[in-house]
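Quick note on labels: first sequence line is chain A, next is B, and so on, each numbered from 1. The basis for the numbers below is simple: all heavy atoms, side chains too, and nothing from hydrogens, waters or symmetry mates. In this text, all values refer to a predicted model and were calculated from it rather than measured experimentally.
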Amino acid sequence: LAKTTQPISMDSYEGQEVNITCSHNNIATNDYITWYQQFPSQGPRFIIQGYKTKVTNEVASLFIPADRKSSTLSLPRVSLSDTAVYYCLVGDLGNQGGKLIFGQGTELSVKP
Amino acid sequence: GAGVSQTPSNKVTEKGKYVELRCDPISGHTALYWYRQSLGQGPEFLIYFQGTGAADDSGLPNDRFFAVRPEGSVSTLKIQRTERGDSAVYLCASSPGLAGVEQFFGPGTRLTVL
């Protein structure tokens with residue numbers, strides 16, 4: 001399974017764009033990149049998933065370079081309610097039976 | 001619609017006791033997962049059900065942990081002879097059953113073993 005490395009914590013201010021980068025140097029051909037968000041006292045919540053290039057939804061964008069050894073989650077114009085832990089997950093979910101392998105995550109703190 | 005629910009939300013027990021944690025998945029979801037999360041760490045996989053059967057129980061730490069899903073819906077995680085190290089938040093998630101589809105998590109049960 002590909003090991004992921006992401007910053008332990010990040011600070012931002014309301015209205016700013018936040019980019020969280022995750023390194024996964026040994027990503028395999030069949031691996032997908034998935035990001036989850038977790039608020040205190042809640043279970044994780046799916047944000048976005050991608051394989052290559054760029055994926056965008058109503059919440060975030062995911063940028064994946066051609067070599068796929070890293071990925072960047074971009075949150076546009078963050079608000080205080082975006083304060084949470086963000087997890088980058090990499091794996092071949094089809095062969096893992098769907099089980100998710102979480103790292104430590106990035107604790108994002110958004111300040112007024 | 002109703003999401004994944006877990007009961008109880010908090011459970012305090014004494015070392016050596018037996019506990020049961022319940023998970024009600026989203027209706028129609030065939031896949032159900034249990035994870036355990038310690039303070040400051042990401043969730044750790046325990047077991048995965050597809051329907052009634054445990055498809056992957058490789059994450060269960062030892063034979064004190066057991067989970068069932070007899071009718072393919074509600075699941076119960078059972079912990080025998082609890083130890084202080086079992087203290088954590090136990091999370092349940094469900095998905096429609098297709099690999100790679102997002103998992104929907106419940107709020108978790110906070111287990112404290114005194």
#### Entry: Flag, side chain of Tyr35(B) to backbone of Phe102(A), donor-acceptor distance under 3.5 Å
no
Under 4.5 Å to a heavy atom of chain A? For Gln37(B) that would be side chain
- request: Answer yes or no: does atom OH of Tyr13(A) have more than 12 heavy-atom neighbours from other residues, nucleotides or ligands under 6.0 Å?
  value: no
With side chains defined as the heavy atoms from C-beta onward, is the minimum distance between Tyr48(B) and Leu100(A) less than 4.5 Å? no
Shortest non-hydrogen pair, Leu91(B) vs Pro44(A), comes out as CD1-CD, 4.0 Å
Cut-off 4.5 Å, heavy atoms of chain A, and the answer for Ser58(B) is side chain
- Query: Would one find more than 12 heavy atoms of other residues, nucleotides or ligands at under 6.0 Å from atom CD of Glu20(B)?
  - Reply: yes
When the 4.5 angstrom heavy-atom criterion is applied to Gln38(A) and chain B, the contacting part is side chain
- prompt: side chain to side chain contact (heavy atoms under 4.5 Å, CB included) between Glu102(B) and Gln49(A): does it pass, once the steps are laid out?
  reply: CA-CA 9 Å; Glu102(B) 69 177 280; Gln49(A) 184 180 78; over 6 Å; no
Applying a strict 4.5 Å limit to non-hydrogen atoms, the region of Tyr87(A) in contact with chain B is side chain
Within the supplied structure, the quantity of interest is the number of heavy atoms (other residues, nucleotides, ligands) at a distance under 6.0 Å from Leu114(B) CG; does it exceed 12? yes
Are Val78(A) and Met10(A) connected in the hydrophobic side-chain network, where two residues link if heavy atoms are under 4.5 Å apart?
-> yes
Margin query: For residues Val85(A) and Phe45(B): do they belong to one hydrophobic cluster (side chain heavy atoms under 4.5 Å, members Ile, Leu, Val, Met, Phe, Trp, Tyr)?
Written below: yes
inquiry  = Does Phe65(B) have more than 12 heavy atoms from other residues, nucleotides or ligands lying within 6.0 Å of its CZ?
reply    = yes
### Message
Around atom CZ of Phe63(A), are there more than 12 heavy atoms from other residues, nucleotides or ligands closer than 6.0 Å?
### Response
yes
Worksheet item: Is a side-chain N or O of Tyr36(A) found less than 3.5 angstrom from the main chain of Gln103(B), in a donor-acceptor match?
Response: yes
